[in-house]
Protein chains: 2
Amino acid sequence: MSETAERRYHHGNLRAALLARAETVLREEGAGALSLRELARDVGVSHGAPRRHFADKQALLDALAVVGFTRLGETLAAADPGTGPFPARAGAVARAYVGFATREANLLDVMFAAKHTTPDPTAIAAAADRAFLPVLALITDGQAAGALAPGDPEDFGVALFATLQGLAALANRGMLADATLDERVDDAVARLLRGSAPR
Amino acid sequence: MSETAERRYHHGNLRAALLARAETVLREEGAGALSLRELARDVGVSHGAPRRHFADKQALLDALAVVGFTRLGETLAAADPGTGPFPARAGAVARAYVGFATREANLLDVMFAAKHTTPDPTAIAAAADRAFLPVLALITDGQAAGALAPGDPEDFGVALFATLQGLAALANRGMLADATLDERVDDAVARLLRGSAPR
DNA sequence: ACCTGAACACCGTTCAAGT
DNA sequence: ACCTGAACACCGTTCAAGT
């Protein structure tokens, strides 16, 4: 294992290894605990080596954000049953979103950090857009089925996303004492759906 | 309460001076630029001195969070005209919240950071509760006026706050390209009000 | 009581040098 | 092309000593 594995490792897998380790540290200890030097140590490489693959710490965080949006997109796509009444589909996707947002709270912080000042800021935006594509399709279905008033699907999409993002933020900060998160989600989504029905 | 106990350093109160300087740095450069050592330098004191007033960096951040919630409460209270139709009052308060949240984006990050692991975590929670008191009163008025369905005011409050917090987050991350923030706020609040009317 | 200054153990970043 | 290791300038935190 040693010779070939070492060689392969150092020739092409360092970026992936750093990213994987960073994801674990992020999940377990938060973004504040991320250190390029410690990551390098963990992965068995000198502290200067990461620079080859991440120009600076922010570049590493940006790469984590892209990973996060990709995972989120998969989660959302998998959550939509694709058939059945619109409110049931919307509720399933909504619970999946806040589930992801609370399970991966630290990752979410990195995904929505206001810092992305790196070489290619569009990479993150593109990953984010891709993640929300399944939701936009769902909304279009809802309009076609007469459950939602017609109009730009993004209007409802923004309102829905804002609601869920806000609920996740409250939950992650421990500010949702009285009711459970899913109850809050169901209640808020129900209000939004009622207020977005055709009139 | 009135614990401005006039601790003196060269020209006055070190704790207050550090806090004031920290608020400026936070507003202009973000939480990442906050350094206890630099703050001490700015204020003309040795790097060990802040420790007298803030046990560690997190204690400073927590104190900033309390300041932020206090300011937010004042802003919300001032925004409610106190009379007039409920939707107009709710709209005014909603716009005031997102206005604060976008004007003081860095402060908001600190206020809602998930870190508060310090001696007195209840201080922040208490400040937050106090900040939202005026909104709860407004909701009660709305129920009395028949604009909102009866029930625990906190149910509507959580949904409203989540929506606004989410919109502010989107705006602060530059993810609200198409429409202006106030348009998004008005649209989302209108949906929420329609969906929360008595049936 | 409040502040100073040295000390310690960590960082991120840069860069000449190795392979 | 990829990685090492020394160097630099910064941190947060601790603590004996000063005032």
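We name chains A, B, ... by the order of the sequence lines, and we start the count at 1 in each one. Computation of the quantities below employed the complete heavy-atom set of this structure, encompassing side-chain atoms and omitting hydrogens, waters and symmetry-equivalent molecules.
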*Contacts of A:Asp182 that satisfy salt bridge (Lys or Arg N to Asp or Glu O under 4.0 Å) - sequence neighbours left out*: none
*Quick one: list whatever passes salt bridge (Lys or Arg N to Asp or Glu O under 4.0 Å) with A:Asp129, sequence neighbours left out.*
none
*Can you list every pair that meets side-chain hydrogen bond (donor to acceptor under 3.5 Å, both in side chains) and has a residue in residues 131-147 of chain A, with sequence neighbours left out?*
A:Arg89-A:Asp141
*Between atom CZ of A:Phe100 and atom CG of A:Leu72, what is the distance when rounded to the nearest 0.5 Å?*
5.0 Å
*Nucleotide of C:dC3, D:dT4, D:dG12 approaching A:Val45 most closely (side-chain heavy atoms)*: D:dT4
_Selection from C:dT4, C:dT13, D:dC3 that lies nearest to any side-chain heavy atom of A:Ala49_ = D:dC3
*Do any pairs count as a salt bridge (Lys or Arg N to Asp or Glu O under 4.0 Å) and have a residue in residues 36-49 of chain A, sequence neighbours left out, and if so which ones?*
A:Arg21-A:Asp42
*Under 4.0 Å between a side-chain N or O of B:Ser35 and OP1 or OP2 of D:dC10?*
no
*Below 4.0 Å: OP1/OP2 of D:dC11 and any side-chain N or O of B:Arg41*: yes
Between the protein and nucleotides 6-9 of chain C, are there any N/O to N/O pairs under 3.5 Å, and if so, what are the atom names and distances?
unit_1: C:dA6; atom_1: N6; unit_2: B:His47; atom_2: NE2; d: 2.6

*Figure out the CZ/C1' separation between B:Arg52 and D:dA17, and round it to whole Å.*
12 Å
*What integer distance in Å separates B:Lys57:NZ from C:dC11:C1'?*
12 Å
*Does A:Ala63 have any side chain to side chain contact (heavy atoms under 4.5 Å, CB included) partners at least two apart in sequence or in another chain, and if so, which?*
A:Arg15, A:Leu19, A:Phe54
*By side chain to side chain contact (heavy atoms under 4.5 Å, CB included) - contacts of A:Arg27 (at least two apart)*: A:Glu23, A:Glu104
_Going by the rule ring pair (Phe, Tyr, Trp, His ring centres under 6.0 Å), which residues pair with B:Phe161 if we only count those two or more places apart in sequence or in a different chain?_
B:Tyr97, B:Phe112, B:Phe132
*So what's the dot-bracket for DNA chain C: Watson-Crick or G-U pairs under 3.5 Å, [ ] if a pair crosses, | if it pairs off-strand?*
||.|||||...|||||.||
